[in-house]
Amino acid sequence: MVLIKNSRSRETEAIGSNALPKRTQVGIVGAGPAGLLLSHLLHRAGIGSVIFESRSRREVESTLRAGVLEQGTVDLLNETGVGERMRQEGCVHHGIELRFDGQRHRVPLSDLTGGRAITLYAQHEVIRDLVKARLDAGGTIAFDVSNVSIRDFDSTKPCIRFDRGGTTRELACDFIAGCDGFHGTCRPSVPAQSRTEYVRHYPFAWFGILAKAPPFAPELIYAHHARGFSLVSTRSPEIQRLYFQCDPNDAVENWTDERIWNELQARLTTDDGWEMAPGSIFQKAIIAMRSFVLEPMQFGALFLAGDAAHIVPPTGAKGLNLAVADVHVLATAFAEYYASGRKGLLDQYSALSLERVWRAEHFSWWMTSMLHRFDDDPFQNQLQIAQLKYVATSRAGATTLAENYVGLPLATPVSDRTPIWRGPCAGATPHRLHSSDASLNRSAT
Ligand code: RFL
Ligand code: PHB
């Protein structure tokens with residue numbers, strides 16, 4: 001096991017070099033975006049945490065996944081001091097293109113949302129920034145641990161058990177945050193009779209590639225076509241990210257580079273002769289599509305966040321952004337508890353987070369339904385075209401897409417059950433944005 005610990009830590013009680021503390025305030029399972037950002041926000045509120053991660057630091061920092069960050073995610077990373085590289089290397093986009101019937105239609109995201117935008121910055125870069133911030137601040141991340149299990153989270157003495165260097169050990173904590181993704185150990189640890197799971201499977205998957213090539217377009221392209229959906233995204237001026245709908249039982253080996261470029265060209269073709277110059281493909285993968293929500297997201301001292309609690313199909317680019325929204329609420333609730341002893345917000349964590357989760361679930365399902373080919377259903381196809389035309393030609397239709405896509409604001413919840421998000425039309429009830437939250441902006445030394 002590689003234990004990375006900075007000697008400047010004041011959060012933990014070190015019991016020797018290369019050692020874990022005996023106890024912590026919040027034990028976190030999983031060093032993905034949810035676990036790392038939660039630990040970072042807690043640190044800024046003066047709250048100690050330890051992160052347990054089953055993979056190596058190298059693996060965690062090189063897993064290729066999301067690319068689109070909502071405005072609220074970008075603002076939170078900036079305001080909490082981990083946005084410097086994102087500001088330098090990320091790319092701000094003010095619109096996206098919808099492509100159907102051989103025509104291109106721009107959705108001007110920023111014009112429709114009072115200047116909000118998305119930023120293209122890869123998930124593994126966000127993770128690198130957060131790992132560095134935690135270690136520089138003396139945080140404890142235990143990579144490469146095995147057999148992690150959570151215990152007694154229905155009591156006042158929860159703990160995390162794990163194997164390290166051939167021995168089994170336990171860390172006592174006040175609370176446990178299950179941030180271990182969809183296939184983690186925390187959600188299945190909750191008794192089946194205490195959880196409700198909402199699931200939807202889709203009859204297609206995404207084939208994703210990374211290619212060395214200059215950008216194919218100035219903004220992301222979401223394309224509807226009789227052959228199936230395709231998406232043109234980007235990672236940098238040199239690396240491009242593309243996806244196309246495929247059979248979930250297909251295999252990467254069936255797709256030569258030439259076949260992939262031909263398929264993308266066929267699906268992205270326009271009446272004015274748009275052409276793409278093939279690049280050099282260096283990664284191929286097939287990605288399953290599903291929707292999933294767990295209710296509630298809290299069981300006693302266990303709080304689930306991010307993909308551990310919910311999954312969306314990637315068409316809306318919402319998964320990482322939802323994980324960020326969850327831990328923003330959770331960190332605020334822990335800050336209230338440790339500052340005042342009040343559990344009001346912790347008790348509301350699940351209900352508050354699920355409001356945003358279900359909004360994002362609907363948006364992701366809607367985008368998926370509007371853009372993908374469903375078997376050979378001509379009626380469904382006509383409905384999709386009608387919906388796409390409405391979004392492309394109606395300001396109301398385009399605004400619905402835009403405000404969901406750039407992300408509804410992250411507002412700081414308060415104990416009287418203020419909703420955690422507000423659309424632009426919800427001006428009747430004022431909301432406080434996270435930037436006004438003194439407890440989270442205070443830096444723990
Ligand atoms: P993660 O990222 O899965 O991290 C969980 C971590 O927990 C560890 N773990 C364990 N550790 C200890 N013990 C155990 N028993 C453990 N079991 C698991 C894992 O090793 C891992 O390090 O969950 P988290 O933090 O909730 O973050 C969620 C996001 O990763 C996910 O929602 C996004 O990647 C979804 N997503 C997108 N989201 C966006 O907001 N914008 C996008 O543009 C976007 N694009 C995408 C995406 C997901 C994609 N795929 C591959 C599903 C594009 C794709 C193709
Ligand atoms: C990505 O760049 O990986 C990406 C972009 C938009 C999506 C999903 C993924 O909807």
Side-chain angles (χ1 to χ4, degrees), residues 1-6 18 20 27-40 49-69 73 77 82 85-86 89-90 121-137 139-150 160-166 168-169 171 176-188 205-212 233 235-236 239 241 243 252 281-288 304-309 311 314 319-324 327:
M1 193 203 79
V2 182
L3 174 66
I4 300 183
K5 185 164 183 352
N6 184 304
N18 195 29
L20 280 170
I28 299 174
V29 187
L36 288 164
L37 182 60
L38 176 62
S39 181
H40 174 66
S49 65
V50 171
I51 304 178
F52 294 90
E53 168 59 50
S54 54
R55 295 183 298 157
S56 68
R57 180 179 180 183
R58 181 192 291 262
E59 277 179 278
V60 167
E61 291 189 339
S62 58
T63 303
L64 300 166
R65 289 179 89 176
V68 176
L69 305 184
T73 298
L77 295 176
V82 283
R85 231 161 44 89
M86 175 184 66
E89 297 172 23
Y121 186 62
Q123 175 166 331
H124 66 276
E125 304 292 358
V126 175
I127 285 189
R128 279 179 203 172
D129 296 341
L130 287 168
V131 168
K132 181 173 184 313
R134 287 312 297 120
L135 298 181
D136 286 352
T140 306
I141 308 173
F143 290 104
D144 281 323
V145 290
S146 54
N147 296 326
V148 173
S149 62
I150 55 172
I160 297 176
R161 185 176 288 180
F162 58 98
D163 285 354
R164 177 196 177 205
T168 300
R169 298 188 47 191
L171 178 86
I176 297 172
C179 301
D180 50 349
F182 187 67
H183 301 289
T185 188
C186 290
R187 189 181 65 252
W206 277 13
F207 198 107
I209 62 163
L210 280 164
K212 284 200 184 102
S233 183
R235 285 291 177 273
S236 71
I239 307 288
R241 184 72 160 136
Y243 302 96
V252 164
I281 298 174
F282 62 92
Q283 208 231 22
K284 303 177 187 176
I286 291 180
I287 299 139
L304 293 160
D307 279 12
I311 293 284
L320 180 153
N321 293 295
L322 273 184
V324 166
V327 300

Identify whether NZ of Lys or CZ of Arg in R187 sits under 6.0 Å from the centre of the six-membered ring of F182 and within 45° of that ring's axis.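 Flagged: R187 positioned over aromatic ring of F182.
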
Kindly indicate, with the supporting measurements, whether the criterion side-chain contact (heavy atoms from CB on, under 4.5 Å) is fulfilled by R55 and E61. CA-CA 10 Å; R55 295 183 298 157; E61 291 189 339; over 6 Å; no

Closest approach of [X] and [Y], non-hydrogen atoms and distance?
X: G208; Y: Y243; value: CA-CD2, 3.6 Å
X: A323; Y: A34; value: CB-CB, 4.0 Å
X: S39; Y: S49; value: OG-OG, 2.8 Å
X: L320; Y: P33; value: CD1-CG, 4.0 Å
X: L38; Y: C179; value: CD2-SG, 4.4 Å
X: A133; Y: V82; value: CB-CG1, 3.5 Å

Does a side-chain heavy-atom distance below 4.5 Å link [X] with [Y]?
X: R65; Y: D307; answer: yes
X: I176; Y: F52; answer: no
X: L77; Y: L37; answer: yes
X: H124; Y: S62; answer: no
X: L304; Y: C186; answer: yes

Could you state the interatomic distance from [atom1] ([X]) to [atom2] ([Y]), rounded to the nearest 0.5 Å?
X: T140; Y: R134; atom1: OG1; atom2: CZ; answer: 8.0 Å
X: I127; Y: L36; atom1: CD1; atom2: CG; answer: 6.0 Å
X: I311; Y: H183; atom1: CD1; atom2: NE2; answer: 7.0 Å
X: R235; Y: Q123; atom1: CZ; atom2: CD; answer: 9.0 Å
X: F162; Y: I160; atom1: CZ; atom2: CD1; answer: 8.5 Å
X: R164; Y: L171; atom1: CZ; atom2: CG; answer: 11.5 Å

Under the 3.5 angstrom rule, does the side chain of [X] hit a backbone N or O of [Y] as a donor-acceptor pair?
X: D180; Y: V29; value: no
X: N321; Y: L69; value: no
X: D163; Y: N147; value: no

Carefully, step by step, assess Y121 and D129 under the rule side-chain contact (heavy atoms from CB on, under 4.5 Å). CA-CA 11 Å; Y121 186 62; D129 296 341; 2.7 Å; yes

Decide side-chain contact (heavy atoms from CB on, under 4.5 Å) for M86 and V126; before the verdict, give the C-alpha distance in whole Å, the side-chain angles of both, and the deciding distance to 0.1 Å. CA-CA 8 Å; M86 175 184 66; V126 175; 5.8 Å; no

side-chain contact (heavy atoms from CB on, under 4.5 Å) for I239 and K212? Distances and angles first, verdict last. CA-CA 5 Å; I239 307 288; K212 284 200 184 102; 4.0 Å; yes

